[in-house]
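Only a predicted model underlies this, so the values are computations on that prediction, with no experimental measurement involved. So that the names make sense, note that chain A is the first sequence line, chain B the second, and so on, each numbered from 1. Worth knowing before you read on, the calculation uses all heavy atoms, side chains too, and leaves out hydrogens, waters and symmetry mates.
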Amino acid sequence: MARDCGFEECQVLKTHGCGQLRAEHAGEQVTLAGWVHRRRDHGGLVFLDLRDSTGLVQVVVHPDAAPAFEAASDVRSEYVVQVQGQVVARRDGTENPEMPTGSIEVAATSIVVLNEADTPPFPVNQETDVVEATRLRYRYLDLRRERMQRNLRLRHQVTQFIRQFMDADGFIEVETPVLGLATPEGARDYLVPSRVHPGAFYALPQSPQQWKQLLMVAGVDKYYQIARCYRDEDLRGDRQPEFTQLDVEMAFVEQEDVLDLAERLYLGLCQEVGGFTYPETFPRLTYAECMERFGTDKPDTRYGLEIHDLSGYVRNSEFQVFAKVVQEGGRVRGFAVPGAADVSRRGLDALTEVARDAGASGLVWVQFAGEGPLDGLAADDIKTPIARFFSPDDLAALGKACGAKRGDLLLIAAGPDALTSRVLDVLRRQVAEERDLADPERLDFLFVTEFPAFEWDEDGERWSAVHHLFTAPFPEDVALLESDPGAVRSNAYDLVCNGQEIASGSIRIHSRETQLAVLRTLGLTLEEAQMKFGHMLEAFRYGAPPHGGIAPGLDRTVALFAGERDIREVIAFPKTKSASDLLTGAPAGVTPEQLAEVHILLDEEARQALAARATGVHGADEDDA
RNA sequence: GGCCCCGUGGUGUAGCGGCCUAACACGCCACCCUGUCACGGUGGAGAUCGUCGGUUCGAAUCCGAUCGGGGUCGCCA
């Protein structure tokens, strides 16, 4: 389809990036190539906005440049064109200060269509709402949009920074296998059948955990990897079946060394990316402290709404709901919402509903009218359903305990410890959302430490590891492994930011005996332990150094810096909630021959499901003839 | 696995038993327009309402199933 000046005659397809041109280029002959962002046809004069990865520039086509003018009138959105012309300063009054290239334009002498384009299924040249499914189906078009280009570049910037930072700190990047051994603990594995070993399966790594520990034994004492991880669990906005971790491990370190590294890395990233306020040093809270003050192990600390214990004030009160809970070992806790004394009954009912959904049997609220400290309150100054059980002074005491002033609202929950934490956490987030308390320009990083090592799994009726089974217990708690696993604290830590877990890590077990003890606590027999983790136990016999590490989620990190809620917005080709790829149609059935090779027989359910898919879903579309 | 929401021209929405032979915006097509930059003007094409089944004299509108997307709880060491 060579037209006009066939582009194959040209030395280069382009001499400049569209977005690079400035007033200083005025007078230069340039050749540009890119997509037609928008066409404005004035009849006697045509404007094209030309877009490439560097940005936009306006091309003006005059009728006297005849071949170019003809070509310009046939051109449509998203056509790929090559433009030759001269950069000229725009006439007075026609500059566009909104555009970086707005002081100049390119007067076209030649326009070559390198490729035509169908009308895109959704606008590429503007930010509009398009349902997720359509965006994913045409992801290559979605990614052309400015926002996604920006996110991809930011992701690159982040990974570049990380590599430089880690290198400068003496770490080396080591790649580890994707085909590995299935592990009994943790998330469901993605399995890969072996052709050579009938009936045997590889598992894709949930993380390179064991490999990196083996690298420590191998004497690679500062390892990192930007590693893909796979978990076959149900998905959310912040979870994909495959995701990326910055996997880090160090030998001869203690918790402080790892936290220090993570802090320096994220401080560096904050500086590198810019545009956010962030703490100079990251606060450190123990798990217990965190649950006490925020009701969660991943608090959003951009707003206060800190939780306070009110049990002591209500233990002997006439309000039986409170008194009874406390006497039965539960607690009464609450927090103050500044300036919320005017929240309507309806709003309070809505909050009560939220509390109920979280498992509370109810929610007690107290509103203090007026301004100033909670002194000399009259009954009229207080609105609350529990007025007849408490004197104004009693209620003021509750308010003061939560740091409330007049004009504030008090929200109080009662029940077992875990319940009040959950309820108040949900309420904190709800209130912050409603009242818009979270500053989007802020990144509130903090570390949470001293996690419990084990939690009781009701379904499995056994203990399971909170972090993972290689996490070192506190030395002074090792004795409790047999007698009271729930009381064992572990040397694990999280990096939290704005209510999200950003990174998670621990000091690992490097002693075979301790590892065996932990496996025993988790209910594995010696035989099972040997079968599943024999390679680790064996490695620990050969001089395993003390070691530990951390694994920040790269997708979440980038989403945080991009101001995106959903990690899909920072992943080039993400999957849907049901883990399918709408662009290629994966996963899909394979030929009977392929199945036979890997010794797999489909059951009835699988055959029916595949047949149903064949009639319903499409893959990529047909070619146009 | 449970619960909830969504599925209407290319895109986003409106319509929620007969007034729908389906509306609006953007986009698309044609014509006009020499300075726009979300150009403007005039005209036009385009969906049987995800799919299947049912209720009804009558369904986009009600019911059921199913497929797809999303949210949430469980799950995610």
Within [range]: residues closer than 4.0 Å to RNA chain B (heavy atoms):
range: residues 421-429 of chain A; answer: none
range: residues 54-64 of chain A; answer: Gln58(A), His62(A)
range: residues 491-506 of chain A; answer: none
range: residues 121-134 of chain A; answer: Pro121(A), Asp129(A), Val130(A), Val131(A), Glu132(A), Ala133(A)
range: residues 92-105 of chain A; answer: Thr94(A), Glu95(A), Asn96(A), Met99(A), Glu105(A)

RNA chain B: Thr119(A) or Gly43(A), which has the more 5' nearest nucleotide?
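So the residue in question is Thr119(A).
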Quick one, give me the B/S/- string for nucleotides 40-46 of chain B, reading 5' to 3', where B means a protein heavy atom under 4.0 Å from the base and S means that only happens at the primed atoms, P, OP1 or OP2.
-------
Solution key, residues 125-134 of chain A side-chain donor-acceptor pairs under 3.5 Å, sequence neighbours excluded:
residue, atom, partner, partner atom, Å
Asn125(A), ND2, His37(A), O, 3.0

If I take atom [atom1] in residue [X] and atom [atom2] in nucleotide [N], what distance separates them, rounded to the nearest angstrom?
X: Phe69(A); N: rG35(B); atom1: CZ; atom2: P; value: 12 Å
X: Glu569(A); N: rG70(B); atom1: CD; atom2: C1'; value: 13 Å
X: Arg38(A); N: rC26(B); atom1: CZ; atom2: P; value: 13 Å

Which residues pass the salt bridge (charged side-chain N to carboxylate O under 4.0 Å, His left out) test with Asp238(A), sequence neighbours left out?
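For Asp238(A), the residues satisfying salt bridge (charged side-chain N to carboxylate O under 4.0 Å, His left out) (neighbours in sequence not counted) are Arg556(A).
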My understanding is that only residues two or more places apart in sequence, or in another chain, count here; which of them pass salt bridge (charged side-chain N to carboxylate O under 4.0 Å, His left out) with Glu482(A)?
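Once residues adjacent in sequence are excluded, the partners of Glu482(A) under the salt bridge (charged side-chain N to carboxylate O under 4.0 Å, His left out) criterion are Arg520(A).
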Applying side-chain hydrogen bond (donor to acceptor under 3.5 Å, both in side chains), can you list everything that pairs with [X], at least two apart in sequence or on another chain?
X: Ser77(A); result: none
X: Asp189(A); result: Gln206(A)
X: Tyr223(A); result: Gln225(A), Asp247(A)

Side-chain N,O (Arg40(A)) to OP1/OP2 (rC33(B)) below 4.0 Å:
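Result: no.
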